[in-house]
Amino acid sequence: MQFHHHGYVSTDPRVQPAAGVGVNRPAELPDEVDVLIVGTGPAGMLAAAQLSQFPGITTRIVERRAGRLPIGQADGIQARSVETFQAFGFAERIIAEAYRITEMAFWKPDPADHSRIIRGARAVDDEMGISEFPHLIVNQARVLDYFAEFMANSPTRMSPDYGFEFRGLEVAEEGEYPVTVTLVHTAGPDEGKERIVRAKYVIGADGARSKVRDAIGCTLAGDAANHAWGVMDVLAVTDFPDIRTKCAIQSGSGGSILHIPREGGYLFRMYVDLGEVDPNDKGAVRNTSIEEIIRRANEILHPYTLDVRDVAWHSVYEVGHRLTDRFDDVLPEQRGTRTPRVFITGDACHTHSAKAGQGMNVSMQDGFNLAWKLGHVLEGRSPESLLTTYSDERQVIAKNLIDFDKEWSTMMAKKPEEFDSPSELEDFYVSTAEFPAGFMTQYAPSMLTAEAEHQALAAGFPVGKRFKSAPVVRVGDTNPLHLGHHATADGRWRIYVFADAALPGAEKQGAASAVADFAEWIANSPDSPLAATPSGADPDAWFDVKVIYQQPHADIDINAVPAVFKPQVGPFQLTDYEKVYATDPKADIFELRGLHRGGVVVVVRPDQYVADVLPLTATAELGAFFAPLLASGKRAGV
């Protein structure tokens, strides 16, 4: 965390100075906004949090409820999401209050007595070391609370506008605020009254029954598995020995349970198999009582018993897998003729079972993907064509998710005798761990993601996949840290310069230095992306350029490091010493990530995905990559 560069700060440094639209922000919902977000679920709140970092953009998020969500249905937080929380500054705090999954136990019928269950196996949750971040369980409402805090502390001082229900919208062909949105007050003295808001862009984050989706003519298409599950969050007394361990439980009676301990040490969740559902059931299974769910749980757990003392929440759902064919308002025949104005995210786009713990996690990445793009377009950094990449990128990811979830939920519903081998379920869980953890996402080549022409130079940073952090040592203060953890959700591109073998200053002694040549180009060339930075802004306002040397930190002369890696920032033009790194002798990032010792540039998008890998000498290629992304931003004073 960096502060004091605008003057001494004696209060909480997480509270950024109000700026732009955050100065004297009106409490009432304005008549005109740049971005209107409908729904305060995970996708909507992350999008709002990201947009709150753009001081010149008026973003408002509306919610039909009268206040914050008291209890959320989602609870699984995959490691990719915790990485994202790190960028928003609350990973450490949410880890402290969450339940951490380290193992999963698999219970099966006792071969000697099928009426009883026995523990068959245990599986390590992240056996392959996919991420340095843990797999967590925590109430969705707390995730939303943390995003709300981040928004409130942002320069825009954003907060949700509660008590507004979305009724409809119309998109005009022209005008500064072409989207006219009709809302209705759901609380307070104006309850029942209509309210019209005009927006440049609208994000529908209003769930599986999305009215925004309906308004732009999208429908969820897919199928139902005709299998029902009862889910309950309970406080109970039991002799089941793994009550504080995640479990997949299959009984001889044919029923199964997915058991998930919750945060706090006492609460736990059970997904209880209610069996096949008649296609003509017409939803009657959803009336299953909590008493019946508890009875079924006890039947599956035999010989153990479950004495439920309190029910925090319960529901019944039928597994369904549905997906929309587009995530914005541009019809197929309109592609290439106009850019989108209305977007849908999260459950409004894709629905599936809850048992793989994907809903909240994938939804948040939808919001992350879209929000920074809106910020760049609205600030004039990028052309509107950037917005077409949202639906292109995220629709494919949602399809992959549904395909995975179909397989997982089908396996969870199988009877023990239907498996090809006794270990089939746990083998699938271990072998596919990278997908539910959120790390199999790989964006295809586009205006945002280059072809992997130079991938061999940085094998550990696959183009299109998330930037996988690794240990380094910061030269200025000798602190060991993770390189990726220093990237905050501020809407900036990251350009990581992995130096060649030359020490800083070697070029002054007549030695060749590829990193020195690169530093000269990126600092001074008109083709450098830094040339698009607005006049009067800090030199790293749009692009965060860092250098990582191959030598230990004690060998690096900080004064010899090129100036572009030590930008002068803030009103006092103070030197930023936190962009210069060296290898950690205990974990050399060049070896860990397969980095070519001749020097490599790794370009990372604002949402943490690798956009390009280039040799240090390929400055023309780097300039060409950014040129179309900055077409409308190369104006002094934007």
Side-chain angles (χ1 to χ4, degrees), residues 18-41 43-65 147-148 150-152 154-188 190 193-206 210-213 215-216 328-329 339-346 348 366-367 370-382 384 386-387 390 491 638:
V21 299
V23 178
N24 300 319
R25 179 184 185 271
E28 295 297 318
L29 183 64
D31 293 332
E32 296 175 339
V33 299
D34 293 321
V35 182
L36 182 69
I37 303 172
V38 180
T40 57
M45 288 294 277
L46 189 147
Q50 175 65 98
L51 283 163
S52 73
Q53 294 298 291
F54 293 84
I57 296 174
T58 300
T59 303
R60 303 295 284 236
I61 178 168
V62 296
E63 169 59 53
R64 61 181 177 80
R65 289 191 312 272
F147 279 125
F150 181 89
M151 290 157 50
S154 74
T156 56
R157 296 295 188 265
M158 199 186 303
S159 62
D161 293 288
Y162 292 110
F164 288 97
E165 182 176 5
F166 175 88
R167 286 293 173 86
L169 62 77
E170 293 182 359
V171 181
E173 293 184 2
E174 56 185 22
E176 187 177 3
Y177 298 91
V179 189
T180 300
V181 182
T182 301
L183 305 171
V184 174
H185 290 270
T186 60
D190 293 326
K193 290 184 179 179
E194 281 193 354
R195 176 68 197 280
I196 303 298
V197 176
R198 296 169 60 227
K200 294 179 181 177
Y201 297 98
V202 171
I203 301 175
D206 50 341
S210 171
K211 293 182 179 179
V212 177
R213 180 186 64 222
I216 61 173
D328 60 38
D329 66 325
T339 53
R341 287 287 176 176
V342 184
F343 308 85
I344 51 175
T345 62
D366 288 347
L370 174 59
W372 73 265
K373 296 173 181 177
L374 282 169
H376 281 211
V377 169
L378 284 163
E379 275 200 345
R381 302 190 195 189
S382 300
E384 289 184 351
L386 181 66
L387 301 178
Y390 166 68
V638 169

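Quick caveat: nothing in here was measured; it's all calculated off a predicted structure.
For A205 against T345, the heavy-atom pair with the smallest separation is CB-OG1, 3.4 Å. Contact between E379 and P55 at its shortest, heavy atoms only, is OE2-CD, 4.4 Å. Here the shortest heavy-atom pairing between A348 and G204 reads CB-O, 4.1 Å. Taking both residues in full, the closest heavy atoms of P160 and M151 are given as CD-CE, 4.2 Å, listed atom of the first, atom of the second, then distance.
Taken from CZ in R60 to CG in L36, the straight-line distance is 9.5 Å, to the nearest 0.5 Å. Taking NZ from K373 and CG from L51, the interatomic distance works out to 13.0 Å, rounded to the nearest 0.5 Å. To the nearest 0.5 angstrom, I203 atom CD1 is 5.0 Å from L374 atom CG. The distance from the CG atom of L378 to the CG atom of L387 is 8.0 Å, given to the nearest 0.5 Å. Note that the CD atom of Q50 and the CZ atom of F150 stand 7.0 Å from one another [nearest 0.5 Å]. In this structure, the separation between CD1 on I37 and CG on D206 is 12.0 Å, given to the nearest 0.5 Å.
Between F343 and Y201, the ring-plane angle classifies as tilted under the 30° and 60° cut-offs.
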Anything under 3.5 Å between a donor and an acceptor, one on a side chain of residues 22-33, the other on a protein residue two or more places apart or in another chain? List them.
| unit_1 | atom_1 | unit_2 | atom_2 | d |
| --- | --- | --- | --- | --- |
| R25 | NE | R157 | O | 3.3 |
| R25 | NH2 | S159 | O | 3.2 |
| D31 | OD1 | R195 | NH2 | 2.6 |
| E32 | OE2 | R198 | NH1 | 2.6 |

Got a list of side-chain donor-acceptor pairs under 3.5 Å for residues 178-186, not counting sequence neighbours?
| unit_1 | atom_1 | unit_2 | atom_2 | d |
| --- | --- | --- | --- | --- |
| T186 | OG1 | R64 | O | 2.6 |
| T186 | OG1 | G163 | O | 3.3 |

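For D34 (side chain) and T58 (main-chain N/O), a donor-acceptor pair under 3.5 Å exists by modelled atom type. A distance-only check finds no donor-acceptor pair linking the side chain of D366 to the backbone of A43 [under 3.5 Å].
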Could you walk me through whether Q53 and W372 pass side chain to side chain contact (heavy atoms under 4.5 Å, CB included), step by step? CA-CA 9 Å; Q53 294 298 291; W372 73 265; over 6 Å; no

Give the intermediate values and the outcome of side chain to side chain contact (heavy atoms under 4.5 Å, CB included) for residues V212 and F166. CA-CA 8 Å; V212 177; F166 175 88; 3.9 Å; yes

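In this structure, D328 has no side chain to side chain donor-acceptor pair (under 3.5 Å) partners at least two apart in sequence or on a different chain.
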